[in-house]
**Q** 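This is the structure I want to talk about, given as structure tokens.
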Amino acid sequence: MKSPSGPPVLARPYRGISAEERRRQRHEQLMDAAFEVFATLGLARVTMRDICAQARLTERYFYDSFRSTEEAFDAVHQRQEELLFARVAQAMMTAPRTIDGLARAGLRAFYEFIQEDPRRAQVLLIDAFSANQQSIDRSKKAVGQYVSMIEHLARELFPSLPSGIHMDMLVWGLLGMAIQVGTIWARDQFRQTIDEVLEYNLYAWQGLQGLAERMSAQAASSVDRAP
């Protein structure tokens, strides 16, 4: 900020808190408020005024952090997605090195994360995949992280898999199933236990393990028969 006739005027501390720290605190207030109203109303119905009212801040401060409600949603979604990815990755790193073991650990971490705070279901599962094309594209990019991680692990477990197999397509299908099951589960108020929800998913992942084992055996057999 500049004075009308002199050098820039530096913002002064207020009650011992710097201007930058006050700005950071307001940003966090807005993030918390946005998470709450997006989860309560859904992205399509939320306005900037809803977020400001929840945060008890004026519109001026909203635009100090975000250019639009869509940008606020992006920030909320990204934060939750980063927390989720860290949780799932940690669970899979310590899981048994089998398709079943990795899938069980990763899926449990995913569903526990959603159940811990039901607001996450609206942001990560419902709005992210249905609000608009921008949110769908953003969510596909986020899911792509899991596809790459699982594809890498599968090829590590089954090094004899033929290079032509479209592992990414298989994993996309399995993750799509996990997301749809999670969405239905959340909308049903988490009536089933996590163990029950896991079993519905694991049938498909066990199928992936069986497919990988058969294809690896066929590839090994072809090598043995080669002259």
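Computed over heavy atoms, backbone and side chain alike; hydrogens, waters and symmetry mates excluded.
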**Q** Do Ile179 and Tyr200 share a hydrophobic cluster, counting only Ile, Leu, Val, Met, Phe, Trp and Tyr and linking them when any side-chain heavy atoms are less than 4.5 Å apart?
**A**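 Not linked; separate clusters.
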**Q** I need the minimum non-hydrogen distance between Ile194 and Gln115, along with the two atoms involved.
**A**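 Distance-wise, the nearest heavy atoms are CD1-OE1, 3.3 Å.
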**Q** Could you pull out the closest heavy-atom pair between Ser65 and Glu71, with the gap in Å?
**A**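 The pair with the smallest heavy-atom distance is O-OE2, 3.8 Å.
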**Q** Do Arg119 and Phe35 meet the cation-pi criteria used here (NZ or CZ under 6.0 Å from the six-membered ring centre, within 45° of the axis)?
**A**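 Yes, Arg119 lies over the aromatic ring of Phe35.
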**Q** State plainly whether the residues Glu82 and Arg79 are in salt-bridge range, i.e. N to O under 4.0 Å.
**A**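 Salt bridge absent between Glu82 and Arg79.
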**Q** Between Gln80 and Phe113, is there a side-chain heavy-atom distance shorter than 4.5 Å?
**A**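 A side-chain contact under 4.5 Å exists here.
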**Q** What are the two closest heavy atoms between Ala34 and Val76, and how far apart are they?
**A**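 Where Ala34 meets Val76 most closely, the heavy atoms are CB-CG2, 3.8 Å.
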**Q** Can Arg108 and Asp195 be counted as an ion pair, charged N to O under 4.0 angstrom?
**A**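 Asp195 and Arg108: salt-bridged.
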**Q** Between Tyr111 and Thr193, is there a donor-acceptor pair closer than 3.5 Å when you use the side chain of the first and the backbone of the second?
**A**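 No; zero donor-acceptor contacts below 3.5 Å.
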**Q** Take Arg104 and Asp100 through the salt bridge (Lys or Arg N to Asp or Glu O under 4.0 Å) test and state the conclusion after the steps.
**A** CA-CA 6 Å; Arg104 191 176 295 272; Asp100 183 78; 3.6 Å; yes
**Q** Give a yes or no on whether the backbone of Thr47 and the side-chain of Asp50 come within a donor-acceptor separation of less than 3.5 Å.
**A**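 Checked: pair present.
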**Q** Please answer whether the main-chain N or O of Ala91 pairs with a side-chain N or O of Thr94 as donor and acceptor at a distance below 3.5 Å.
**A**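 Yes, because the side chain of Thr94 sits within donor-acceptor range (under 3.5 Å) of the backbone of Ala91.
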**Q** Any donor and acceptor pair, going by atom type alone, linking the side chain of Glu81 with main-chain N or O of His77 inside 3.5 Å?
**A**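 No, Glu81 side chain to His77 backbone: no donor-acceptor pair under 3.5 Å.
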**Q** Just wondering, are more than 12 heavy atoms of other shown residues or ligands nearer than 6.0 Å to CZ in Arg97?
**A**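 Result for CZ/Arg97: enclosed.
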**Q** Answer yes or no: is there a donor N or O on one side and an acceptor on the other, between the side chain of Asp127 and the main chain of Gly42, under 3.5 Å?
**A**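 A pair under 3.5 Å: no.
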**Q** Between Val123 and Phe73, is any pair of side-chain heavy atoms under 4.5 Å apart?
**A**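 Side-chain contact under 4.5 Å: yes.
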**Q** Is a salt bridge present between Glu28 and Arg23, judged by a nitrogen-to-oxygen distance below 4.0 Å?
**A**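 So Glu28 does not pair with Arg23 through a salt bridge.
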**Q** If you define the side chain from C-beta out and look only at heavy atoms, does anything of Arg87 sit under 4.5 Å from Phe110?
**A**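 No, too far: nothing below the 4.5 Å cut-off.
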**Q** Between the side chain of Trp185 and the main-chain N/O of Gln192, is any donor-acceptor distance below 3.5 Å?
**A**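 Yes: the side chain of Trp185 pairs with the backbone of Gln192.
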**Q** According to a 4.5 Å side-chain heavy-atom criterion applied to Ile, Leu, Val, Met, Phe, Trp and Tyr, with indirect links allowed, do Leu174 and Ile184 form part of one hydrophobic cluster?
**A**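 No, separate clusters.
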**Q** Around Phe190, counting heavy atoms of other residues, nucleotides and ligands shown, do more than 12 lie under 6.0 Å from its CZ?
**A**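 Counting other residues, nucleotides and ligands, CZ of Phe190 exceeds 12 neighbours.
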**Q** Should Glu36 and Met31 count as side-chain neighbours, where that means a heavy-atom distance under 4.5 Å?
**A**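 A side-chain contact is absent here, since even the closest heavy-atom pair is not under 4.5 Å.
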**Q** Is any side-chain heavy atom of Ile126 less than 4.5 Å from a side-chain heavy atom of Arg187?
**A**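 Side chain of Ile126 against side chain of Arg187, heavy atoms only: contact under 4.5 Å found.
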**Q** If you define the side chain from C-beta out and look only at heavy atoms, does anything of His27 sit under 4.5 Å from Phe66?
**A**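 Side chain of His27 against side chain of Phe66, heavy atoms only: contact under 4.5 Å found.
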**Q** Are Gln25 and Gln29 close enough that a side-chain donor and a side-chain acceptor fall under 3.5 Å?
**A**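 On atom types as modelled, these side chains do not qualify, holding no pair under 3.5 Å.
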**Q** Supply the atom-to-atom distance Leu124 CG to Thr183 OG1, rounded to the nearest 0.5 angstrom.
**A**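 Spacing of CG (Leu124) from OG1 (Thr183) equals 10.0 Å.
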